[in-house]
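Mind having a look at this structure? Questions to follow.
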Amino acid sequence: MPSTPRVRFAPAPSGWLHVGSVRTALFNWLHARANDGVAIFRIEDTDASRATEESMDSMHDAMAWLGLDWDEGVRAGGAYGPYRQSERKELHRAVARRLEEAGVLYRDERTAEELEAWRNERRAADLAPIVKRSTTPGPAGDDRTATLRLQLPEEGTITVTDLVRGDVTWDWSHESDPVLVRSNGDVTYPLANSVDDIAQGVTLVCRGEDLLSVTPRQVFLYDLLTRDGLIDDALAEVGLPAREPDWTRPTEFAHLSMIVGMDRKKLSKRHGSVSIQEFARKGFLPETIVNYLALLGWGPEDGRERLDRDELVAAFGFDRVSRSAAAFDTDKLTAFNGERIRDLDEDELADRLVPYLDGTYPPSNPDTEDDAPDHEGGPVADWEPLVSSPPSAEERATLRGLVPLVQERMQRLDEVQRYAPAFFVDELTLEPASVQKVLGKAGAADVLRAAHRELQALDDWTAEAIEGALRPLADELGIGFGKVAQPVRVAVTGSQVSPPLFESIELMPRQRVLDRIEAAIPVAEDAGAG
RNA sequence: GCUCCCGUCGUCCAGCGGCCUAGGACGCCGCCCUCUCAAGGCGGUAACGAGGGUUCAAAUCCCUUCGGGAGUACCA
């Protein structure tokens, strides 16, 4: 028995990590951390035509952003590398050759087209297209290329114990012999994946449910590879590190259910099937993503829902992983995010808001603004950064002052873009709707004149003093304070929705406030007249 | 078609034979608070897919059925 659990996250680098794969990575990582194990990040790029360098980099970047660290992998290194499958071809071929010599592989000379035609025939006759050696045509001619298939048992059953699903049994007669070596000599996923699991000492295979059906042949292969030291001989032959001597093969499996959209269909763009980085642009905290994804298909015994990384590690176990598919609920994610933002230290929050103000993450288009992270939104065309990069001392001070005003009214970091302009730009644009609804009301211009007068005469420029100046205006003008606050708010912030008025005014230079109120008076008169 | 997996509020999770007139969270609705929007507080809405068993007793065990999903590649 191996003393240390070893798990691997092994994505194919052909695209971007989405919530499903991140959740798989997370569960692997949690299991490793919860059991003092080793987390391996392996890249399965056996299909050169689909793998890209860009994709591989973005996957590593995503992990770094999420704070999931890997003990062994392409970036981390480790004793059982290389961790890119494409760099292990020699091993895979050596294994394939030895398997062939052992007589467990056989040639299938049919072309892809011939096989396809055969499958169609079978299906037309309501028969499962199962390839078995006994029904595979013999050699047609020496010069034909062939795939090498693994000969699986013709009958009997195999039972695999899955940590989340319990015992699952398959009948060998229903299992098709998998192609291990393509006709062009390349090895396939079934071989490479199994070989690397063994060579790297993986003890638990945790992956998506879509790979459950592949488990029988994988277990069968594990046995073949380890039985007579075949893998060890191959390892030695190509000069790769030997395995732990006391270790046999992966003994545990955990197949995670799929993540679906709120419509119960396969994850769509609307429901988060985008690169995980897109969540960063949309203003989600990495710790929110980790927390929420951990709760998709799992929950701690005590029912807590807000858990940080350490708490997740302490509570995690496959025994509490759900078997049914989970719907990705952006609303709940967003609510979680809002809570975490509120929990952030104010200085910390200020730092985290900078990328949303300096142009690193420009705003999304309004039509997708209230929806899930989505590529279709794209950046807003004419948006100008509100602070320089890096921010000046003055900008930083303003931002720091703004944080307490906006912290409790944000669910996502990018929402700062809604509140910030009034505090950073010289030329304020008044929202037409607010002008009409608020400044157009009777008496708005009078309120603004009175507010201007009082604020100009003020000695202290503090929220308390500003409140002391503005509140009495309600009685003076014989109206409710709301009728006073709203016109001033629109004049000063450009919108009928803003952070608290007195604190907002305090944060701005007095002259700027007075100028804005003054400029709004004719606007109010016009709007009122119209 | 065949093989396998799954089935509790709209959604996530709890429940593992009696504590369930089914609990928590998000959402939604209402109220309170209030300078707007939030935040916060309080209350409410809403589910065991169906049918048979087993049992004194079933959301919990068994069977059937219906529904959903995955796989069925010289892709991983």
Side-chain angles (χ1 to χ4, degrees), chain A residues 10-14 44-47 49-51 85 108 110-112 115-116 119 122-130 145-149 162 165 168-171 173-176 178-184 186 188-190 192-193 207-216 255 257-258 260 262 264-266 292 295-306 320 322-336 338-339 342 406-411 418-419 434 438 467 470-471 474 480-486 488-490 493 495-502:
Chain A
S14 61
E44 306 225 319
D45 55 347
T46 49
D47 186 354
S49 66
R50 294 168 31 127
Q85 218 158 45
D108 183 347
R110 287 172 291 184
T111 64
L115 269 168
E116 184 56 29
R119 280 193 200 94
R122 299 277 296 185
R123 274 196 264 261
D126 263 3
L127 293 166
I130 292 162
T145 59
T147 60
L148 257 32
R149 287 186 188 270
D162 188 286
R165 268 147 233 286
V168 184
T169 300
W170 290 266
D171 195 319
S173 66
H174 293 297
E175 296 298 310
S176 203
V179 169
L180 258 34
V181 182
R182 300 189 180 105
S183 53
N184 69 2
D186 287 347
T188 61
Y189 161 81
N193 182 68
R207 75 241 288 201
E209 188 189 10
D210 51 333
L211 290 168
L212 177 61
S213 62
V214 124
T215 307
H255 287 96
S257 63
M258 306 276 86
V260 297
M262 286 298 278
R264 286 270 130 197
K265 301 251 179 64
K266 201 154 73 183
Y292 178 73
L295 258 30
L296 259 196
W298 173 84
E301 196 168 1
D302 57 21
R304 279 175 302 161
E305 295 208 311
R306 315 309 134 107
R320 295 188 62 80
S322 164
R323 286 171 298 280
S324 50
F328 187 79
D329 185 351
T330 307
D331 282 344
K332 187 157 184 172
L333 206 222
T334 304
F336 270 40
E339 289 185 25
R342 270 167 255 136
V406 298
Q407 183 165 27
E408 70 183 23
R409 58 205 85 224
M410 283 197 302
Q411 302 224 88
R418 230 168 50 197
Y419 299 113
S434 297
V438 178
E467 176 166 12
L470 296 181
R471 262 201 203 281
F481 182 64
K483 292 270 196 300
V484 174
Q486 284 305 78
V488 177
R489 185 190 312 281
V490 172
T493 71
S495 169
Q496 56 191 322
V497 175
S498 84
L501 186 59
F502 314 128

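Every chain is numbered from 1, with letters handed out A, B, ... down the list of sequences.
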>> Let's test this: given Watson-Crick or G-U wobble pairing with both distances under 3.5 Å, identify the partner of B:A25.
In response: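 By the stated definition (distances under 3.5 Å), B:U11 pairs with B:A25.
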> With both distances under 3.5 Å as the test, what is the Watson-Crick or G-U wobble partner of B:C20?
Replying inline: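 Paired with no nucleotide.
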> Of all residues at least two apart in sequence or in a different chain, which pass the side chain to side chain donor-acceptor pair (under 3.5 Å) check with A:Arg342?
Replying inline: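 Once residues adjacent in sequence are excluded, A:Arg342 has no partner under the side chain to side chain donor-acceptor pair (under 3.5 Å) criterion.
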> Contact class for A:Thr46 (heavy atom, under 4.0 Å): base, sugar-phosphate, or nothing?
Replying inline: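 Sugar-phosphate only.
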>> If I pick the P atom on B:G30 and the same atom on B:A39, what distance separates them, to the nearest angstrom?
In response: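 It works out to 15 Å between them.
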> If you look at every strand shown and take non-hydrogen atoms under 4.0 Å, does A:Pro499 touch a base, only sugar-phosphate, or nothing?
Replying inline: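 Base contact.
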>> With rounding to the closest Å, how many angstrom separate the P atoms on B:A22 and B:C62?
In response: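 Per the computed distance, 25 Å lies between those P atoms.
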>> Using Watson-Crick or G-U wobble geometry with both distances under 3.5 Å, which nucleotide pairs with B:U72?
In response: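 Pairing partner, where one exists within any strand: B:G1.
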> Which one is paired to B:C42, where only Watson-Crick or G-U wobble pairs with both distances under 3.5 angstrom count?
Replying inline: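 Its partner is B:G30.
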> Which part of the nucleic acid does A:Ala112 contact within heavy-atom distance under 4.0 Å: base, sugar-phosphate only, or nothing?
Replying inline: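 Counting heavy atoms under 4.0 Å across all strands, the contact made by A:Ala112 includes a base.
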> Given the C1' atoms of B:G15 and B:C20, what is the spacing between them in whole Å?
Replying inline: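 My reading of the C1' atoms in B:G15 and B:C20 gives 9 Å.
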>> What's A:Arg110 touching, base or sugar-phosphate or nothing? Going by heavy atoms closer than 4.0 Å.
In response: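 Contact class for A:Arg110: base.
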> So what does A:Tyr292 hit on the nucleic acid, given a heavy-atom distance under 4.0 Å: a base, only sugar-phosphate, or nothing?
Replying inline: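 Nothing, no heavy atom under 4.0 Å.
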>> Please check: side-chain N/O of A:Thr188 versus main-chain N/O of A:Val179, any donor-acceptor pairing under 3.5 Å?
In response: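 It does hold such a pair.
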>> Which nucleotide, if any, forms a Watson-Crick or G-U wobble pair with B:U55, using both distances under 3.5 Å?
In response: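 In the structure as shown, B:U55 has no Watson-Crick or wobble partner.
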> Base, sugar-phosphate, or nothing for A:Ser322, non-hydrogen atoms under 4.0 angstrom?
Replying inline: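 A:Ser322: backbone/sugar contact only, no base atoms under 4.0 Å.
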>> If I compare all heavy atoms of A:Thr46 with all of A:Arg182, which pair ends up nearest, and what's the gap?
In response: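 Smallest interatomic distance, heavy atoms only, reads O-NH1, 4.2 Å.
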>> Heavy-atom nearest nucleotide on RNA chain B for A:Val214 versus A:Leu295: which residue maps closer to 5'?
In response: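 Of the two residues, A:Leu295 wins.
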>> Could you check whether any side-chain N or O of A:Arg122 sits under 3.5 Å from a backbone N or O of A:Ala128, counting only pairs where one atom can act as donor and the other as acceptor?
In response: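 Yes.
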>> Working note: A:Met262 + A:Asp329, criterion side-chain contact (heavy atoms from CB on, under 4.5 Å); need CA distance, chi angles, decisive distance, verdict.
In response: CA-CA 6 Å; A:Met262 286 298 278; A:Asp329 185 351; 3.9 Å; yes
>> Regarding A:Ser14, tell me which of base, sugar-phosphate or nothing describes its non-hydrogen contacts under 4.0 Å with the strands shown.
In response: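 Touches nothing.
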> Expressed in whole Å, how much space separates the C1' atoms belonging to B:G71 and B:G17?
Replying inline: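 Per the computed distance, 36 Å lies between those C1' atoms.
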> What does A:Ala128 touch in the nucleic acid at a heavy-atom separation under 4.0 angstrom: a base, only the sugar-phosphate, or nothing?
Replying inline: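 Base, at least one base heavy atom under 4.0 Å.
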>> Is there a side-chain contact (heavy atoms from CB on, under 4.5 Å) between A:Glu305 and A:Lys332? Walk through the geometry before answering.
In response: CA-CA 11 Å; A:Glu305 295 208 311; A:Lys332 187 157 184 172; 3.3 Å; yes
>> Let's go through A:Ser257 and A:Ser324 carefully: what are the C-alpha distance in whole Å and the side-chain angles of both, what is the deciding distance for side-chain contact (heavy atoms from CB on, under 4.5 Å) to 0.1 Å, and is it a yes or a no?
In response: CA-CA 6 Å; A:Ser257 63; A:Ser324 50; 5.8 Å; no
>> Using the P atom as the point on both nucleotides, what is the distance between B:A47 and B:C5, in whole Å?
In response: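 The same atom, P, in both gives a distance of 30 Å.
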>> Over 60° means perpendicular and under 30° means parallel, so tell me whether A:Phe502 and A:Phe481 are parallel, tilted or perpendicular.
In response: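 Tilted.
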> NA contact type, A:Leu470, heavy-atom cut-off 4.0 Å: base, sugar-phosphate, or nothing?
Replying inline: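 Nothing, no nucleic acid heavy atom in range.
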>> Students often get this wrong, so: under 4.0 angstrom with heavy atoms, is A:Leu501 touching a base, only sugar-phosphate, or nothing?
In response: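 Base contact.
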> Which part of the nucleic acid, if any, lies within reach of A:Arg323 when heavy atoms closer than 4.0 Å are counted: base, sugar-phosphate only, or nothing?
Replying inline: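 The answer is sugar-phosphate, as A:Arg323 gets under 4.0 Å only of primed atoms, P, OP1 or OP2.
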> Across the strands shown, which category fits A:Pro11 at heavy-atom distances under 4.0 angstrom: base, sugar-phosphate, nothing?
Replying inline: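 If one applies the 4.0 Å heavy-atom cut-off, A:Pro11 turns out to touch nothing in the nucleic acid.
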>> Under a 3.5 Å cut-off for both contacts, is B:C48 paired Watson-Crick or G-U wobble with anything, and if yes, with which nucleotide?
In response: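 Partner of B:C48: none found under 3.5 Å.
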>> side-chain contact (heavy atoms from CB on, under 4.5 Å), that's the test. Do A:Asp108 and A:Leu115 meet it? Break it down for me.
In response: CA-CA 10 Å; A:Asp108 183 347; A:Leu115 269 168; 4.3 Å; yes
> If pairing requires Watson-Crick or G-U wobble contacts with both distances under 3.5 Å, which nucleotide is the partner of B:C37?
Replying inline: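 For B:C37, the partner nucleotide comes out as none, under the 3.5 Å rule.
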> Taking 5' to 3' order, which nucleotide of RNA chain B is first and which is last to have an atom within less than 4.0 Å of a heavy atom in chain A?
Replying inline: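 Boundary nucleotides touching chain A, in 5' to 3' order, are B:G1 to B:A76.
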> Per the side chain to side chain donor-acceptor pair (under 3.5 Å) rule, which among A:Arg165, A:Arg207, A:Arg323 passes with A:His255?
Replying inline: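 Passing option: A:Arg207.
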>> Would you measure the distance from the P atom in B:A25 across to the matching atom in B:C37 and give it in whole Å?
In response: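 Per the computed distance, 25 Å lies between those P atoms.
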>> Between B:C33 and B:U45, how many Å separate the two P atoms, rounded to a whole number?
In response: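 Straight-line distance between the two P atoms is 23 Å.
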> Which residue lies toward the 5' end of RNA chain B, A:Asp171 or A:Arg306, if each is placed at its nearest nucleotide?
Replying inline: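 Its nucleotide being nearer the 5' end, the pick is A:Asp171.
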> So what does A:Gly338 hit on the nucleic acid, given a heavy-atom distance under 4.0 Å: a base, only sugar-phosphate, or nothing?
Replying inline: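 Nothing: the residue A:Gly338, judged by heavy atoms under 4.0 Å, touches no strand.
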> At under 4.0 Å between heavy atoms, what does A:Glu44 touch on the DNA or RNA strands: base, sugar-phosphate, or nothing?
Replying inline: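 Touches sugar-phosphate only.
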>> Taking only the P atom of each, what is the distance from B:G52 to B:U60 in whole angstrom?
In response: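 Looking at atom P only, B:G52 and B:U60 are 14 Å apart.
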